[in-house]
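The block underneath contains the structure these notes are about, expressed in structure tokens.
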Amino acid sequence: MSESAVQPAGGDEAGLEGPDPLCSWQIPALIGGQTAALHAIPGQITVVVGPNGSGKSVLGYWLQMNASAPTVRRVIAHRRLWFEYAGPNITSDRRHILEQNMIQWGKQLDSRWRDHAQAERAGFVLFDLLAEMNAYNGRVVELLQQRVDPDHIWETVGTSLLERINTLFANAHLGLTLTITDRASFQASKGEGTVTYPISEMSDGEKSALLLAAEVMTAPDASLVIIDEPERHLHRLISASLIEAISADRRDCHFVVFTHDLDLAASLPRYSTVVAVLAETAWVDGQPVGWDLRLLDPEADIPESARQAILGGRKEVLFLEGERYSLDVRLYGLLFPGSTLLPVGSCDQVIRAVAGLLASETYHWVHGRGIVDGDGRDAQERAALSTKGILSLAVSEVESLYYSEVVRSALAVRQAETLGKLAGELLEASTKEGLAAVRRGDTPTRLASSVAEKIMSRRLVEGLPTEAELVAGLDPINVSTPNPFPAQLAKLDRYLAADDLESVVREYPIRDTSLRAKVAQSLGFKTFEDYEAAAFTRIRSDAKLADSLRDLVGRLPEPATLPGT
């Protein structure tokens with residue numbers, strides 16, 4: 001198992017397995033970076049993932065210009081997706097001239113965004129596809145005229161190119177079948193094939209799949225095939241399946257696929273796929289001079305969330321407890337505007353995600369830290385998490401911040417202007433109503449037991465026997481820990497006796513109490529949802545208020561304090 005999640009793509013052995021490569025590249029690095037090495041090994045796929053603007057297309061152009069492979073075919077993302085006719089509209093002479101022109105056009109830097117052959121590219125592809133089929137059919141007729149046994153004929157000629165393309169479509173779940181008419185044009189059908197239509201009437205997605213498949217399948221043997229954004233006009237499940245099926249059919253070729261679709265990169269088979277992450281391209285006088293390119297180690301034991309952060313080319317990543325669409329994420333976005341937020345589930349998953357990046361931090365540009373709920377953690381637990389790059393909130397839950405005194409005070413001022421009341425009176429009323437909600441019935445017991453349960457769970461996990469203790473044969477195995485509930489209830493009672501709503505809000509989970517509704521109503525809001533929406537708007541527009549909440553949350557661990565930095 002490799003120790004690094006991401007490796008610099010340097011070194012003669014990077015990506016070298018199996019047959020000799022068709023060609024290799026030493027890709028220039030940014031100033032101060034490391035030169036990256038890629039190898040075009042037949043039967044393998046190199047996937048380059050990067051966000052928009054990172055320089056994927058220009059890197060594809062550079063690879064084409066610096067490739068020593070016998071044939072390079074670059075399938076550009078901006079190819080035109082329509083057919084003027086359902087068959088080729090060029091002659092063999094025009095096809096020869098066009099091929100020479102396309103070679104020269106492909107050497108121009110503007111080919112990364114401009115298709116000089118857009119008017120004739122589809123006709124060129126269809127001409128080659130029809131020519132392949134004519135040659136195949138001619139070979140079959142020749143063998144029949146020689147009275148070769150029919151079974152031996154099919155063993156000799158193999159599967160026709162059109163049948164192979166139809167198989168690709170089936171494997172990509174397109175449900176599309178192509179046939180050739182007696183007028184040398186192509187038609188398509190779906191399902192049982194009872195309804196056919198000319199390929200000029202296909203959908204954009206079907207045309208995109210046909211052009212991609214035909215352009216690759218008609219490429220000469222041992223070609224280097226560079227494909228830019230195959231996901232254009234295709235559902236991501238189809239694009240990944242189609243690339244996998246094409247590469248499996250053309251194992252004599254090497255494929256370099258440029259994409260910003262992380263699912264496509266993740267869904268291709270790891271045994272035959274090298275994933276590189278592109279973060280940035282350097283330019284001098286309008287020319288590309290270097291790239292920040294790293295190879296992702298397919299064997300690295302890192303959680304998928306950390307892998308996604310690396311593939312996404314993000315720089316500052318905060319892993320959070322909770323779900324992707326949680327409202328908590330909106331508040332975190334205000335408090336940490338310079339970071340990409342990735343909710344990953346439980347506290348343990350946050351820790352694993354951060355650890356996965358920290359273990360290989362010298363090999364990539366992604367800096368990951370995490371935030372977990374307070375959940376009754378003491379100073380020692382918080383300090384231990386901080387050494388792992390994890391901030392334990394100074395509040396029980398981040399949404400509790402909406403009910404802190406600084407937020408209630410800010411909204412009281414705003415509501416006083418609307419309601420014609422004194423802000424101080426509104427704030428005092430919200431404190432009184434909030435305390436009354438916590439004192440009501442068995443609420444203190446429920447809050448104290450909720451925190452105590454989380455503390456107990458962590459202590460029990462920490463107290464589990466080690467492997468050595470298990471091997472020693474201890475029977476029974478007892479895990480003993482003090483009951484944290486009495487201390488939690490006593491502390492809560494002290495806060496209530498002192499009318500200290502602020503401490504209650506910080507240290508206890510108020511989500512399942514009536515406190516939110518009572519505070520909202522006391523400040524003139526119909527529901528706590530209305531109150532929290534107003535609070536969010538106020539925090540977003542008030543930089544000083546946001547800073548005050550950051551002080552309440554606590555500061556993220558500084559990069560210099562983290563292991564491996």
Side-chain angles (χ1 to χ4, degrees), residues 1-2 4-11 13-25 27 36-51 54 56 59-60 63 67 69 73-75 77 168 171-173 212-213 216-217 219 222-231 234 236-279 291 293-304 306-313 356 360 363-364:
M1 185 71 68
S2 171
S4 66
V6 176
Q7 305 173 358
E13 301 303 319
L16 285 179
E17 292 182 5
D20 293 335
L22 301 173
C23 62
S24 296
W25 301 272
I27 300 173
L38 291 178
H39 307 280
I41 299 174
Q44 285 194 0
I45 308 171
T46 298
V47 178
V48 179
V49 183
S54 59
K56 297 187 298 297
L59 179 57
L63 293 178
R73 179 158 291 189
R74 182 158 61 105
V75 182
L168 297 180
N171 292 338
H173 314 293
L212 173 59
V216 173
M217 297 297 286
S223 290
L224 167 67
V225 181
I226 301 172
I227 304 176
D228 196 5
E229 295 187 17
E231 67 270 19
L234 288 173
R236 58 181 55 180
L237 294 179
I238 292 176
S239 61
S241 299
L242 187 59
I243 292 296
E244 183 176 358
I246 290 174
S247 63
D249 187 286
R250 293 300 309 269
R251 295 195 60 79
D252 58 305
C253 299
H254 180 82
F255 295 84
V256 182
V257 179
F258 291 89
T259 182
H260 47 67
D261 184 353
L262 304 184
D263 290 336
L264 188 152
S267 62
L268 293 173
R270 290 191 179 183
Y271 67 86
S272 62
T273 303
V274 175
V275 178
V277 186
L278 178 62
W291 288 268
L293 186 71
R294 318 288 176 100
L295 292 184
L296 182 67
D297 182 356
E299 299 299 325
D301 185 19
I302 63 174
E304 188 61 28
R307 188 181 299 276
Q308 291 287 315
I310 296 170
L311 289 178
S360 58
Y363 298 106
H364 60 78

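Predicted, not measured: the structure shown is a model, and the values here were computed from it.
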Begin with the C-alpha distance, continue with both residues' side-chain angles, and end with the deciding distance and a verdict on side-chain contact (heavy atoms from CB on, under 4.5 Å) for Leu38 and Val256. CA-CA 10 Å; Leu38 291 178; Val256 182; 5.8 Å; no
Given the rule in the side-chain contact (heavy atoms from CB on, under 4.5 Å) test, do Leu268 and Val257 qualify, once you have shown the distances and angles that lead to the verdict? CA-CA 11 Å; Leu268 293 173; Val257 179; 5.6 Å; no
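For the pair Trp291 (side chain) and Leu278 (backbone), a donor-acceptor distance under 3.5 Å is absent. Although no hydrogens or angles enter the test, the distance criterion places a donor-acceptor pair under 3.5 Å between the side chain of His254 and the main chain of Ile41. Judged by distance alone, the side chain of Arg250 and the main-chain N or O of Ala219 form a donor-acceptor pair under 3.5 Å.
To the nearest 0.5 Å, atoms CD1 (Ile226) and CZ (Arg73) are separated by 12.5 Å. In this structure, His39 NE2 and Gln44 CD are separated by 10.0 Å, a value rounded to the nearest 0.5 Å.
Looking at every heavy atom in both residues, Leu224 comes nearest to Ala69 through CB-CB, 3.9 Å. Smallest separation of non-hydrogen atoms from Cys23 and Ala67: SG-CB, 4.0 Å. When all heavy atoms of Leu168 and Ala213 are compared, the closest pair comes out as CD1-CB, 4.3 Å. Closest heavy-atom contact between Gly60 and Arg74: O-CD, 4.0 Å. Shown here for Leu22 and Ala222, the closest heavy-atom pair between the two residues is CD1-O, 3.8 Å. Across Pro42 and Asp20, no two heavy atoms sit closer than the pair CD-O, 3.3 Å.
Val216 has its side chain within reach of Ile227: a pair of non-hydrogen atoms, C-beta onward, lies under 4.5 Å apart.
Partner Phe258 forms a side-chain contact (heavy atoms from CB on, under 4.5 Å) with one of Leu63, Val47, Val49 and no other, that one being Leu63.
Partners of Thr259 according to the side chain to side chain donor-acceptor pair (under 3.5 Å) rule, which considers only residues two or more places apart in sequence or in another chain, are Glu231. By the side chain to side chain donor-acceptor pair (under 3.5 Å) test, Ser272 pairs with no residue at all, sequence neighbours left out.
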